[in-house]
Amino acid sequence: MSLPKAYEPHDVEEHWRKHWEDNHTFTPDPDAKGEPYSIVIPPPNVTGALHIGHALNHTLQDVLCRHARQKGKKVLWIPGTDHAGIATQNVVERALAKEGKRRHDIGREAFIERVWDWKREYGHRIINQIKALGSSVDWTRERFTMDANLARAVRRVFVRLYDEGLIYKGKYIVNWCPRCHTALADDEVDHNPAKGKLWHVRYDLADGSGSVTIATTRPETILGDSAVCVHPEDERYAGLTGKQVVVPIVNRTVPLISDRYVDREFGTGALKVTPCHDPNDWNLGHTHKLAFIQVIDDNGNMCHFEDEGGAAKYAGMSREECRAAIVEELRANGHLVKEEDIEHSVGCCYRCKTVIEPYVSEQWFVATTRMAPQARAAVPELIRIFPDSWMKTYYNWLDNIRDWCISRQIWWGHRIPAWTCADCGELIVSETDPAACPKCGASHLEQDPDVLDTWFSSSLWPFSTMGWPEETGELKTFYPTSVLVTAFDILFFWVARMIMMGQHFMGEVPFRHVYIHALVRDEQGRKMSKSLGNGIDPFDMVSKYGADALRFTLVALAAMGRDIRMSEPRIEGYRHFMNKLWNASRFALMNLEENAVPEPVNPDAAAGLHNRWILHRLEEVKAESDAAIESYRFNDAAQGLYRFLWSEFCDWYLELIKGDMKDDAPADAKAEARFTLYTVLKETLVLLHPIIPFVTAEVWQSLPGHAGEDIALQLFPEARPGCLKPGDADDMIFIQETISAIRTIRAELNINPSYRLTVLLRPVDAKQKELLEHGRAWFMSLARLENLIISAEEHAPKASASNVVRGCEVIVHLSGAVDFQAELARLDKELGKVDRELAALNGKLSNENFLTRAKPEFVEQEKARAADLADKRGKMLALQKRFREAAE
RNA sequence: GGGCAGUUAGCUCAGUUGGUAGAGCAUCGCCUUCACACGGCGGGGGUCACAGGUUCAAGUCCUGUACUGCCCACCA
């Protein structure tokens with residue numbers, strides 16, 4: 001079987017994607033043997049597109065899953081998508097807007113149908129993108145957060161929590177988007193800096209004894225004031241608390257209170273309190289039992305209120321109009337003391353950028369304050385977070401948690417399973433749609449119009465996807481999942497809530513590990529975003545460089561706890577690695593007999609030093625890459641394999657066996673090299689497969705004896721402890737160092753690479769001599785020699801260039817026009833290095849404290865090094881002297 | 001304001017119990033050597049942000065400073 005000269009990913013990937021899907025390769029049997037290993041995918045927005053962050057997220061999970069399969073585990077990786085309430089609704093609303101319609105024009109049912117249409121049309125796109133990356137998910141278990149089964153789980157959870165008092169309905173001041181007509185979670189509000197005005201307004205004391213000046217950016221809320229508040233220790237206002245003040249315009253008499261919340265430094269140190277229209281004032285209103293006066297409605301307009309002081313004229317105005325009008329009135333009646341410019345931040349709807357309005361309304365809540373302690377206690381005993389620096393962040397959030405507002409005033413999502421009886425007002429919360437009021441029997445029931453926050457269904461994802469509330473085999477086998485892989489930005493919305501729900505409904509945490517990976521940034525370290533236009537589309541990259549190149553890049557850069565800076569040239573660079581692997585494999589195939597598995601030899605007893613060396617290194621690399629993946633050090637795994645394959649296997653091993661592969665080479669040497677080549681390549685392919693599944697799959701099935709096989713089903717190679725031979729490996733490295741020394745001399749003296757040199761090696765002892773003799777053929781080919789003399793008795797000719805490697809003098813005969821200057825410069829440079837190192841070492845060794853207090857074995861090691869260097873220095877000085885004489 | 005990271009070669013970054021500072025890319029020189037020019041061989045390049053401290057020994061541990069980035073809270 002022959003492979004094309006350069007790796008072309010496109011067809012290869014297409015073939016294997018289809019193969020894996022058609023064969024249900026990644027559908028586990030829950031009853032099979034083996035330890036279970038499971039992951040649920042963090043479901044991306046169904047109508048979105050995967051960005052590079054998803055590509056990283058999915059690639060890391062895929063590495064873990066493929067690796068776990070290799071370790072004999074039964075692996076379940078569940079794919080799916082999220083309905084993403086507000087985001088999706090917005091997308092569809094925008095599409096409607098193009099037809100000149102708004103959602104209210106077509107009505108709730110028709111609108112929801114439109115969203116489903118949209119989902120059916122665009123849901124495939126994201127699924128195809130997951131497939132393009134090569135993710136080894138179980139496609140037979142694909143889930144969507146609005147699936148019927150998941151909807152059932154949502155209702156079950158809602159009703160149970162309601163019955164237990166952990167879900168309640170209450171008035172609360174929420175972040176309200178007057179345009180979207182929905183409450184927003186705190187984290188759905190963007191804080192944008194804005195230029196505004198700070199108006200200083202005088203409030204007269206009711207007893208006429210003076211006044212207090214407050215500062216506000218929102219004078220329109222004066223209409224809803226129910227107190228003025230100062231800091232209890234503020235001398236400026238000492239003695240005033242407890243008095244009454246008169247709110248301008250409405251002439252309302254309200255108390256002057258004190259609270260430590262007030263910042264004395266800001267404005268005038270006196271704060272007007274509007275409990276219905278500011279979250280902090282809401283808290284003050286409750287602690288000080290103030291009046292709650294609503295003056296702004298759900299559209300952000302001034303609503304109708306009691307006509308105090310003729311204020312009714314403001315009703316119906318927008319917030320902005322009213323603000324201007326009130327400022328004018330204050331100016332006119334002399335209450336406006338000062339107007340100053342101020343830079344402050346304004347909360348805006350994260351979808352539509354409308355300024356949010358704090359608004360008191362009826363909402364549903366989950367009492368997460370009560371669920372938090374148990375979720376907090378799960379870390380780190382039951383759940384380990386990697387890297388553990390995120391634990392503090394997790395604790396910090398849970399320690400400051402507030403109840404979770406779960407109702408959203410939109411249409412797309414899980415509708416709240418609560419009904420109100422139109423006749424008697426009874427509130428009914430039920431898993432199934434009730435036919436009649438259980439209290440009065442009437443059938444005029446109105447379902448709550450709100451839907452649940454998207455994260456509500458997401459928080460059930462680890463068990464809802466496995467069929468809960470049924471007691472399924474999946475749940476029994478695969479819950480809790482092994483690890484959750486996610487970016488830190490949803491640690492709060494999602495991870496903590498999954499933990500709470502898992503503990504509450506499954507009696508067990510939803511995952512054992514949480515691996516928090518990096519954020520992918522651009523070359524300048526900026527977050528990739530659509531608005532900046534600096535995003536790298538992962539699928540452009542896949543089509544240009546192949547999925548493996550993209551995956552390898554992401555994995556190689558995924559150092560724990562650090563962001564990734566991504567750029568296209570980097571991916572292009574790693575594509576070269578795919579090609580290198582491809583060509584190394586081509587070389588192997590050319591040197592193996594077609595369709596014939598090499599005759600096995602005992603790898604523990606290989607005769608060739610090069611074979612013993614590469615087998616030794618293979619064992620080390622196996623252990624290292626295994627350990628690296630198991631401890632989420634993805635970059636270590638990728639870089640270790642990169643180095644082994646390129647710098648050791650290709651650069652040295654393949655060159656070392658070329659002699660063995662010649663027709664006239666001894667049969668046993670050829671057989672041993674072939675088998676070793678075959679073994680090392682095969683096992684390296686398996687080690688690389690979790691990171692680069694496609695190219696490894698393609699090469700694997702072209703190997704003799706593996707036609708038609710799927711590398712995804714191969715087990716992790718067994719350890720061969722008998723192959724670990726550090727001494728032999730070191731001997732091989734000595735030969736490599738010696739070859740490199742000759743090459744360096746050649747390059748630095750500008751001797752043409754094709755010119756065949758004569759070299760003298762003067763070994764320090766018989767063992768070294770024997771070793772060099774063993775490597776004679778390698779010296780001849782890899783250093784391109786005409787003649788090699790290995791003898792301590794032989795002396796260097798005067799016209800020669802030299803170096804010393806582990807005491808062995810390496811002497812290159814120079815003939816013809818010798819560039820004396822070049823060689824002298826080279827020797828000086830080399831000696832300079834030795835001198836500097838030796839000086840540092842001698843300094844250390846003459847330090848009494850070092851000799852007495854450092855670990856003895858370390859002192860010994862340093863002494864040996866010093867002796868080696870001194871020996872090298874002496875030899876080089878002698879060689880230099882001889883050369884100088886020749887030069888004169 | 002509270003908290004968390006980071007600062008190592010031109011660039012992007014590794015550096016796991018303190019013990020000779022590394023990789024990839026880029027750069028320079030030589031080479032169309034029969035797997036690969038998406039290649040081979042070789043070279044140059046770093047006061048490990050700064051200042052102290054602990055230690056025989058600090059990129060690594062401690063304290064402080066500066067700068068950068070992020071998270072949380074607040075901005076009446």
Side-chain angles (χ1 to χ4, degrees), chain A residues 3 5-7 186-187 191 193 196 198 214-218 221 229 261-263 266-274 278 280-281 342-346 387 389-390 392-393 396-397 400 488-489 491-492 519 521 523 525-527 545 549 556-557 559 561-567 569-570 572-591 627 631 633 635-636 639 642-643 646-647 650-651 654-655 658 739-740 743-748 750-754 781-784 829 837 840-841 844 847-855 858-859 861-862 865:
Chain A
L3 303 174
K5 191 169 170 180
Y7 175 56
D186 287 343
D187 36 55
H191 291 274
L198 188 63
I214 59 89
T216 181
T217 55
R218 301 201 56 198
T221 63
C229 189
Y261 160 75
V262 175
D263 177 1
F266 191 90
T268 62
L271 165 73
K272 70 183 208 59
V273 184
T274 319
D278 182 280
N280 299 303
D281 295 8
I342 187 177
E343 179 99 9
H344 63 149
S345 83
V346 175
S389 54
W390 285 105
K392 277 188 191 168
T393 315
N396 195 276
W397 188 71
N400 295 298
F488 68 82
D489 51 350
L491 189 63
F492 303 143
L519 230 51
R521 300 176 176 282
E523 287 172 279
R526 298 173 305 181
K527 199 167 171 173
Y545 307 111
L557 297 179
R562 204 157 160 148
D563 286 347
I564 291 178
R565 293 194 189 199
M566 191 57 150
S567 66
R570 203 165 282 276
E572 191 182 355
Y574 278 114
R575 178 187 57 167
H576 299 172
F577 179 69
M578 308 308 134
N579 196 53
K580 190 73 178 175
L581 172 62
W582 185 256
N583 277 292
S585 305
R586 283 181 62 221
F587 174 82
L589 291 174
M590 288 165 57
N591 286 287
S631 52
R633 288 180 290 113
N635 58 324
D636 285 348
Q639 284 167 8
Y642 182 101
R643 197 152 164 195
W646 200 312
S647 307
C650 290
D651 288 350
L654 295 186
E655 298 302 324
K658 280 180 178 172
I739 291 171
S740 291
R743 287 169 168 174
T744 302
I745 290 170
R746 179 198 292 275
E748 296 207 333
N750 265 317
I751 300 168
N752 192 300
S754 58
S781 61
L782 271 60
R784 286 191 83 82
K829 191 185 76 181
E837 216 177 321
L841 214 43
K844 201 188 254 185
N847 181 343
E848 191 62 29
N849 279 327
F850 173 71
L851 297 173
T852 52
R853 307 180 82 150
K855 280 181 287 192
F858 187 68
V859 175
Q861 186 189 315
E862 295 294 80
R865 261 185 66 213

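Only heavy atoms go into these numbers, but all of them, side chains included; no hydrogens, no water, no symmetry mates.
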Problem set entry | Span that lies between the P atom of B/rU54 and that of B/rC70, in whole angstrom | 37 Å
For this session: Write down the distance separating the P atoms in B/rA23 and B/rA9, rounded off to the nearest Å.
Result: 14 Å
Exercise. Counting any heavy atom closer than 4.0 Å, what does A/Arg865 reach on the DNA or RNA strands: base, sugar-phosphate only, or nothing?
Worked result: base
Exercise. Do A/Asp278 side-chain atoms and A/Thr274 backbone N/O form a donor-acceptor pair below 3.5 Å?
Worked result: no
Problem set entry | Distance between C1' atoms of B/rG10 and B/rG44 (Å, rounded) | 12 Å
For this session: Please work out if A/Arg586 contacts a base, only the sugar-phosphate, or nothing of the nucleic acid, heavy-atom cut-off 4.0 Å.
Result: sugar-phosphate
For this session: Would you indicate what A/Gln861 reaches in the nucleic acid, counting non-hydrogen atoms under 4.0 angstrom: base, sugar-phosphate, or nothing?
Result: nothing
Exercise. Which part of the nucleic acid, if any, lies within reach of A/Ser740 when heavy atoms closer than 4.0 Å are counted: base, sugar-phosphate only, or nothing?
Worked result: sugar-phosphate
Problem set entry | Protein-nucleotide distance (A/Glu748, atom CD; B/rG42, atom P), rounded to Å | 11 Å
Exercise. Does B/rU33 have a Watson-Crick or wobble partner in any strand here, with both distances under 3.5 angstrom, and which is it?
Worked result: none
Seminar exercise, completed: Checking N1-N3 plus N6-O4 or O6-N4 for Watson-Crick, or N1-O2 and O6-N3 for wobble, each under 3.5 Å, the partner of B/rG18 is none
Exercise. Distance-only, no hydrogens or angles: does the A/Asn579 side chain make a donor-acceptor pair with backbone N or O of A/Tyr7 under 3.5 Å?
Worked result: yes
Exercise. Would you say the side-chain atoms of A/Arg743 pair up with the backbone N or O of A/Arg784, donor to acceptor, closer than 3.5 Å?
Worked result: no
Exercise. Taking only N and O in the side chain of A/Lys5, is any of them less than 4.0 Å away from OP1 or OP2 of B/rC36?
Worked result: yes
For this session: Just call it for A/Val262: base, sugar-phosphate, or nothing, with non-hydrogen atoms closer than 4.0 Å on any strand.
Result: base
Problem set entry | Distance, rounded to the nearest Å, where A/Ile739 contributes CD1 and B/rG42 contributes C1' | 15 Å
Problem set entry | Span that lies between the C1' atom of B/rU27 and that of B/rG69, in whole angstrom | 30 Å
